[in-house]
Amino acid sequence: GIQVEQSPPDLILQEGANSTLRCNFSDSVNNLQWFHQNPWGQLINLFYIPSGTKQNGRLSATTVATERYSLLYISSSQTTDSGVYFCAVYFYNQGGKLIFGQGTELSVKP
Amino acid sequence: EAGVAQSPRYKIIEKRQSVAFWCNPISGHATLYWYQQILGQGPKLLIQFQNNGVVDDSQLPKDRFSAERLKGVDSTLKIQPAKLEDSAVYLCASSPRGSYNEQFFGPGTRLTVL
């Protein structure tokens, strides 16, 4: 069935470290979003990226649609990066429905 | 530009009571979504509106949940009667007209059913 799988489920980093979060999806996609859910529950848009690579400050994302995965890179992590990172996908055969993965919970220690 | 607004932010009710949530999307966004997020999971779509018409409500428990967007702008989601398993965060999102556009989320309403 249609699936969006994120790894790892949990990650603990020391401030300043780099990390890579992965999102695998089971079928062809029309588009993909990465979100950061902060400790107050707000979903913050990070990237809207159907293919290719985008960068925004210390964060960057790469989607390889033909191989059905996307990666989110966080460099020089800060304590404010803590929270849950979600990948969400528009599959071609699911209409306009955005389907979320289970998230990666990141904790950055000072 | 103002973001998606939701109210209330928190609500505690007893089971079998009713509750309503309100959402005002980003100005000019034709598409509005309601999601349910249970603790530890990703958000799940409940209903999608395009202007004031329903596009997808296949995952809305229609025996107890209802939603409307009468004038194609703000929207209300209602639960009547609430069950314990309805405890969750209810998120509203909006996007420009059309499919597969970037969605923007409100702060959510955290519902606790006792």
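Reminder, nothing fancy here: chain letters follow the sequence lines and each chain counts from 1.
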A quick test of your reading: do over 12 heavy atoms of other residues, nucleotides or ligands sit less than 6.0 Å from CD of B/Gln80? no
Applying the 4.5 Å side-chain criterion to the ILVMFWY set and letting contacts propagate, would B/Trp34 and B/Phe105 be lumped into a single cluster? no
Are A/Val84 and B/Tyr35 connected into the same hydrophobic cluster when the rule is that any two of I, L, V, M, F, W, Y join if their side-chain heavy atoms are below 4.5 Å apart? yes
Is A/Gln33 close to chain B through its backbone or its side chain, or both, or neither, when contacts mean heavy atoms under 4.5 Å? side chain
Against chain A, label B/Ser58 side chain, backbone, both or neither, depending on which of its atoms sit under 4.5 Å from a heavy atom there. side chain
Please list, chain by chain and in numerical order, all residues satisfying salt bridge (Lys or Arg N to Asp or Glu O under 4.0 Å) with B/Lys62, sequence neighbours excluded. B/Asp57
If hydrophobic clusters are built by linking Ile, Leu, Val, Met, Phe, Trp and Tyr wherever their side-chain heavy atoms come under 4.5 Å apart, do A/Leu32 and A/Tyr69 end up in the same one? no
Check for me, please, whether B/Phe21 and B/Leu32 land in the same ILVMFWY cluster - side-chain distances under 4.5 Å, paths through other members count. yes
Report, in residue-number order, which members of residues 38-52 of chain B are under 4.5 Å from chain A by heavy-atom distance. B/Gly40, B/Gln41, B/Gly42, B/Pro43, B/Leu45, B/Gln48
A/Asn45 side chain to B/Gln103 main-chain N or O, any donor-acceptor pair under 3.5 Å? yes
Counting only heavy atoms from other residues, nucleotides and ligands, does the tally under 6.0 Å from CZ of A/Arg22 exceed 12? yes
Under 4.5 Å, counting heavy-atom pairs only, tell me which of A/Asn31, A/Asn38, A/Asn30, A/Leu43 racks up the most with chain B. A/Asn30
For chain B, which candidate among A/Leu98, A/Val4, A/Ile44 shows the most heavy-atom pairs at distances under 4.5 Å? A/Leu98
Contact origin within A/Gln6 toward chain B - heavy atom pairs under 4.5 Å: neither
Between B/Glu102 (side chain) and A/Phe47 (backbone), is there a donor-acceptor pair under 3.5 Å? no
Within one Ile-Leu-Val-Met-Phe-Trp-Tyr cluster: A/Tyr85 and A/Tyr73, side-chain cutoff 4.5 Å: no
Identify which of A/Phe35, A/Phe86, A/Phe100 forms the greatest number of heavy-atom pairs closer than 4.5 Å to chain B. A/Phe100
